[in-house]
Amino acid sequence: MLLVGPARAPRVVDRRVIALSDPAVPTSRQPYHAVMGARASDAPTLERSLRALVERVTKRSLAALLKTYRREGRSVRGVGLVVGSVIDPATIGNDHIRAHALEGQLFRTALEHAARTARVACATYLERTLYETAATRLRRPAAELKRVVAELGGALDGPWRAEEKAATVAAWMALRRTH
């Protein structure tokens with residue numbers, strides 16, 4: 001989500017998806033699932049190559065988006081990420097669940113690194129406490145934030161999904177930090 005305007009009255013002006021994997025390499029969508037299915041002798045090399053690919057694609061995708069916005073005369077000064085968990089994957093006993101946690105960690109850290117490389121401030125928020133965090137930072141009740149965010153989606157064509165609303169809240173906090 002790209003928000004503009006003063007933090008007290010933001011507007012959503014764009015929504016785009018940042019590529020985190022390479023469509024030409026299907027295993028890059030769930031790299032740790034691929035590693036789980038690999039022979040033990042091949043797993044470390046596969047993991048390194050898929051991690052590097054995800055990091056490269058993410059960095060390139062974010063850089064291209066920022067370049068597009070600059071060409072449009074927009075200056076992105078902050079990025080907000082919403083994640084489901086920041087649990088340490090090493091603490092998870094189930095291999096399949098651990099693979100999901102490792103993928104979440106990889107995609108989050110790849111985005112954080114891409115933002116740092118682009119010299120854009122980046123903050124990461126937990127989905128389950130997002131509205132409480134936003135209520136404190138934006139100095140508005142969570143219920144009001146939910147109402148306003150629901151209305152902000154009216155400016156865009158198509159459905160206004162939960163993950164887009166969450167991204168909007170994170171972008172709103174980034175907008176607040178930079179004004």
Side-chain angles (χ1 to χ4, degrees), residues 1-3 7 10 12 15-22 25 27-38 43-44 46-63 65-66 76-143 145-146 149 152 160-178:
M1 288 304 132
L2 178 65
L3 269 64
V12 175
R15 69 172 153 195
R16 307 229 183 150
V17 174
I18 295 173
L20 304 176
S21 62
D22 184 341
V25 183
T27 54
S28 68
R29 288 192 60 155
Q30 290 188 307
Y32 284 95
H33 283 74
V35 170
M36 270 181 21
L46 179 61
E47 179 180 353
R48 278 191 303 279
S49 70
L50 288 173
R51 283 183 64 87
L53 178 61
V54 165
E55 290 166 357
R56 207 169 39 253
V57 168
T58 301
K59 184 178 174 183
R60 193 177 317 132
S61 182
L62 181 60
L65 180 60
L66 294 172
V76 176
R77 293 180 293 237
V79 172
L81 306 178
V82 181
V83 299
S85 172
V86 291
I87 191 168
D88 178 0
T91 65
I92 299 172
N94 180 290
D95 290 344
H96 187 242
I97 302 302
R98 186 179 326 105
H100 283 287
L102 285 164
E103 288 158 358
Q105 181 183 60
L106 170 60
F107 294 131
R108 173 179 47 85
T109 58
L111 275 164
E112 290 168 341
H113 180 67
R116 277 193 309 275
T117 299
R119 297 193 170 139
V120 176
C122 182
T124 302
Y125 304 101
L126 281 174
E127 184 177 24
R128 70 178 169 272
T129 59
L130 179 65
Y131 279 93
E132 292 80 12
T133 301
T136 300
R137 300 231 172 116
L138 298 172
R139 298 183 186 110
R140 294 184 181 205
L145 291 172
K146 288 179 183 179
V149 167
L152 286 172
W160 187 232
R161 299 182 313 258
E163 65 269 16
E164 293 171 321
K165 292 175 186 175
T168 299
V169 173
W172 194 351
M173 287 189 280
L175 183 64
R176 171 81 164 81
R177 271 195 331 270
T178 61

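Bear in mind the structure is a predicted one, so any value in this text is a computation, not a measurement.
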Atom OG1 of T117 and atom CG of L62: how far apart are they, to the nearest 0.5 Å?
9.0 Å
Of the non-hydrogen atoms in V82 and A166, which two are nearest, and what is the gap between them?
CG2-O, 3.5 Å
Derivation of the side chain to side chain contact (heavy atoms under 4.5 Å, CB included) call for I18 and L65
CA-CA 8 Å; I18 295 173; L65 180 60; 4.0 Å; yes
By side-chain contact (heavy atoms from CB on, under 4.5 Å) - contacts of I97 (at least two apart)
I92, N94
Sequence neighbours excluded, the answer for side-chain contact (heavy atoms from CB on, under 4.5 Å) partners of E112 is L81, R108, T109, R116, C122, T124
Residue pairs passing the salt bridge (Lys or Arg N to Asp or Glu O under 4.0 Å) test with at least one member in residues 78-94, sequence neighbours excluded, are none
Contacts of V57 that satisfy side-chain contact (heavy atoms from CB on, under 4.5 Å) - sequence neighbours left out
A19, D22, L53
Say you draw a straight line from OG1 of T168 to NZ of K165; how long is it, rounded to the nearest 0.5 Å?
9.5 Å
With sequence neighbours left out, the residues meeting ring pair (Phe, Tyr, Trp, His ring centres under 6.0 Å) with H33 are H96, H100
What are the two closest heavy atoms between L126 and V86, and how far apart are they?
CD2-N, 4.0 Å
Within the structure provided, determine whether E47 and P31 are in side-chain contact (heavy-atom separation under 4.5 Å).
no
How long is the straight-line distance from CE of M173 back to OG1 of T136, given to the nearest 0.5 Å?
9.5 Å
Closest heavy-atom contact between V120 and V76?
CG2-O, 4.0 Å
If you measure from CG on L145 to CZ on R140, what distance do you get to the nearest 0.5 Å?
6.5 Å
Set of residues satisfying side-chain contact (heavy atoms from CB on, under 4.5 Å) with respect to L46, sequence neighbours excluded:
A34, V35, A38, S49, L50
Is E55 paired with R51 through a side-chain N to carboxylate O contact shorter than 4.0 Å?
yes
Separation of L106 CG from T58 OG1 (nearest 0.5 Å)
7.5 Å
Would you please test L20 and L111 for side chain to side chain contact (heavy atoms under 4.5 Å, CB included) and show each step?
CA-CA 8 Å; L20 304 176; L111 275 164; 3.8 Å; yes
Do you know which two heavy atoms are closest between Y125 and G80, and how far apart they sit?
CE1-CA, 4.3 Å
To the nearest 0.5 Å, what is the distance between OG1 (T27) and OH (Y32)?
12.5 Å
Minimum-distance pair of heavy atoms, taken over all atoms of R98 and G93:
NH2-O, 3.0 Å
Identify the heavy atoms of S21 and R29 that sit nearest to each other, and give their distance.
OG-CG, 3.4 Å
Run the side chain to side chain contact (heavy atoms under 4.5 Å, CB included) check on K146 and V149 step by step: do they pass?
CA-CA 5 Å; K146 288 179 183 179; V149 167; 5.9 Å; no
